[in-house]
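Just so it is clear, the values below take in all heavy atoms, side chains as well, and ignore hydrogens, waters and symmetry mates.
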Amino acid sequence: MFAAMAAAQKSIYLEMYTFLDDTQATHDFLKLLRVKAAAGLEVVVIADSFGSSSLRIGAAEALRAAGVEFIFFNHWFHHTHRKILIIDQQVAFIGGVNITESTRHWIDLQIRLQGRIVRPLLKSFAYTYQQVGGEKESILQYSRLPLAQKIKSWIVDNLAGTTPRYFINNYYRQKISEAKNSIVIVTPYLLPPSWLVKALDDACRRGLRVEILIPNDTDIKPVNKVNYLNACRLSALGVRFYLLPTMNHAKIMLIDGEEGVIGSQNMDVLSFNWNIEAGVFFRQKNLVSDLGKIIGQWRKTAVVFETDGRRINWSDRILIAILKLFYPLF
């Protein structure tokens, strides 16, 4: 991503949940953005006000002074949880990677896009830009782009205020219900909405192999308990869990070894019900094969989750209900 920004000739559009100024030692993104804006490129940064709350005020002011259009996404009920970078309207990156030093040693996944697939992502970025009050017609025009018929890869997103609003929800519902052999999910945080639990239960009842890979130890310690409780609940339905030895922040679903999706969406109620998210699904055999190999490498390092016959007690059930109401915003 840093190299792509450095090679940009016309424009840089960045939408980030966590965008901080603490990566200077090896990747000084803010300096690079200032340099590019000063050179005349159109540089636009949308950062979530919650996820990027630790960004120094002076850093944001320095970006604006250099010519960067820097805007905080600030909404009481919604957050942009996306990690999108678009270079020269031709190359894009999307996935789970934030820009902050604290995540440097995490395992994560970002996918590079090029070609027609960038057009729907431009349209999606333009929508967010409009929502935060952006006024440049050079960007707003993309919100009116007519999109070609679906190709072998496509953008799915959740956008506040749109109808239908939950494109990612619809995608997950459809693909899980149509799966014939297997479903593999990778997620760092596990607090699935009830419809997703039912969909996975139905898949197990149909005889599918359903696997979920989660970190054994996340960056948010209370979430470890949440992950454990939901793993117990879903294991009882027939879902196989694998505990990864290091923090894995990737967000993936692989259906029947034939179709994959990579994006910003966690398997939690915030991503499916409240946050602005984006992912790309694809059917290209080489990409799906690569994704399967990556998941296979992670699975080899994991430990199979065993409940040892333990049942979720009432106190834990009450905890799950409370956490659904006061779930940390990540």
Side-chain angles (χ1 to χ4, degrees), residues 1-6 12-33 43-57 59-60 63 68 70-75 78-87 91-113 121 124-125 128-129 132 155 157-158 168 186-190 214-215 217-221 223 244 246-252 261-268 270-271 274-280 294 298 327-330:
M1 292 170 64
F2 189 86
M5 287 186 185
I12 299 173
Y13 304 150
L14 184 67
E15 183 178 341
M16 276 282 152
Y17 176 65
T18 303
F19 177 73
L20 301 183
D21 55 327
D22 59 357
T23 63
Q24 304 98 316
T26 58
H27 298 78
D28 197 338
F29 282 95
L30 278 77
K31 179 180 179 181
L32 181 56
L33 291 169
V43 181
V44 178
V45 176
I46 301 173
D48 186 76
S49 61
F50 183 87
S52 304
S53 59
S54 296
L55 179 68
R56 292 182 301 110
I57 295 176
L63 286 171
V68 176
F70 180 85
I71 310 173
F72 275 118
F73 184 97
N74 191 1
H75 194 284
H78 305 291
H79 296 275
T80 178
H81 190 245
R82 313 199 300 181
K83 295 87 176 171
I84 295 173
L85 172 64
I86 305 174
I87 303 294
V91 175
F93 296 80
I94 185 173
V97 179
N98 289 296
I99 295 179
T100 173
E101 183 64 26
S102 63
T103 64
R104 177 185 294 275
H105 300 295
W106 289 3
I107 295 175
D108 214 328
L109 197 61
Q110 199 89 335
I111 186 169
R112 181 183 184 275
L113 310 173
L121 195 57
S124 187
F125 177 83
T128 305
Y129 180 71
V132 296
I155 299 298
D157 48 23
N158 279 358
I168 287 181
V186 182
T187 182
Y189 315 117
L190 186 69
I214 58 175
D217 185 19
T218 72
D219 58 311
I220 306 175
K221 300 309 176 184
V223 173
L244 299 164
T246 56
M247 177 57 188
N248 190 316
H249 194 248
K251 301 92 164 43
I252 298 169
V261 60
I262 298 172
S264 62
Q265 65 284 350
N266 297 312
M267 294 297 105
D268 64 28
L270 287 176
S271 286
W274 296 101
N275 289 340
I276 296 176
E277 308 280 3
V280 57
I294 291 171
W298 293 344
Y327 196 48
L329 302 178
F330 34 68

ring-ring contact (aromatic ring centres under 6.0 Å, His included) partners for [X], two or more places apart:
X      : value
Trp106 : His249
Tyr129 : none
Phe93  : none

Compare every heavy atom of [Y] with every heavy atom of [X], then report the nearest pair and how far apart it is.
X      : Y      : value
Leu121 : Ile86  : O-CD1, 4.0 Å
Asp108 : Gly96  : OD2-O, 2.9 Å
Tyr189 : Asp219 : OH-OD1, 2.7 Å

For [X], give me all partners under side-chain contact (heavy atoms from CB on, under 4.5 Å), at least two apart in sequence or on another chain.
X      : answer
Thr100 : Thr18, Leu20, Asp22, Asn98, Ser102, Thr103
Ser264 : His81, Arg82, Lys83, Glu277
Leu109 : Ala250, Ile252, Ile262, Leu291, Ile294

Under the side-chain hydrogen bond (donor to acceptor under 3.5 Å, both in side chains) test, which residues partner Gln24, sequence neighbours left out?
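Listed in chain order: nothing, the list is empty.
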Quick one: list whatever passes side-chain hydrogen bond (donor to acceptor under 3.5 Å, both in side chains) with Arg104, sequence neighbours left out.
Thr26, Glu101
Checking side chain to side chain contact (heavy atoms under 4.5 Å, CB included) between Leu85 and each of Met16, Met5, Arg112, Gln110, which is the one that passes?
Met5
Sub-4.5 Å side-chain heavy-atom contact between Leu32 and Ile12
no
Exam field: side chain Ser271 to backbone Gln265, donor-acceptor pair closer than 3.5 Å
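Flag not set: sc Ser271 to bb Gln265 has no pair under 3.5 Å.
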Please confirm whether the backbone N or O of Asn275 pairs with a side-chain atom of His78, one donor and one acceptor, at under 3.5 Å?
no
Suppose we screen for salt bridge (Lys or Arg N to Asp or Glu O under 4.0 Å). Which residues come up paired with Asp21, at least two apart in sequence or across chains?
Arg56
Just do the side chain to side chain contact (heavy atoms under 4.5 Å, CB included) check on Phe29 and Leu14 with the steps written out, would you?
CA-CA 11 Å; Phe29 282 95; Leu14 184 67; over 6 Å; no
Interatomic spacing from [atom1] in [X] to [atom2] in [Y] - rounded to 0.5 Å:
X      : Y      : atom1 : atom2 : result
Ile87  : Tyr13  : CD1   : OH    : 10.5 Å
Asp157 : Ile168 : CG    : CD1   : 6.5 Å
Ile84  : Ile46  : CD1   : CD1   : 9.0 Å

Side chain to side chain contact (heavy atoms under 4.5 Å, CB included) assessment of Met247 paired with Ile107
CA-CA 6 Å; Met247 177 57 188; Ile107 295 175; over 6 Å; no
Distance-only check: which donor-acceptor pairs under 3.5 Å involve side-chain atoms of residues 48-55, not counting sequence neighbours?
from, atom 1, to, atom 2, distance (Å)
Asp48, OD1, His79, ND1, 3.3
Asp48, OD1, Thr80, N, 3.0
Asp48, OD2, Phe50, N, 3.0
Asp48, OD2, Gly51, N, 2.9
Asp48, OD2, His79, ND1, 3.1
Ser49, OG, Phe73, O, 3.1
Ser49, OG, Asn74, OD1, 3.4
Ser52, OG, Tyr17, O, 2.9
Ser52, OG, Phe19, N, 2.9
Ser52, OG, Asp48, O, 3.3
Ser53, OG, Phe50, O, 3.1

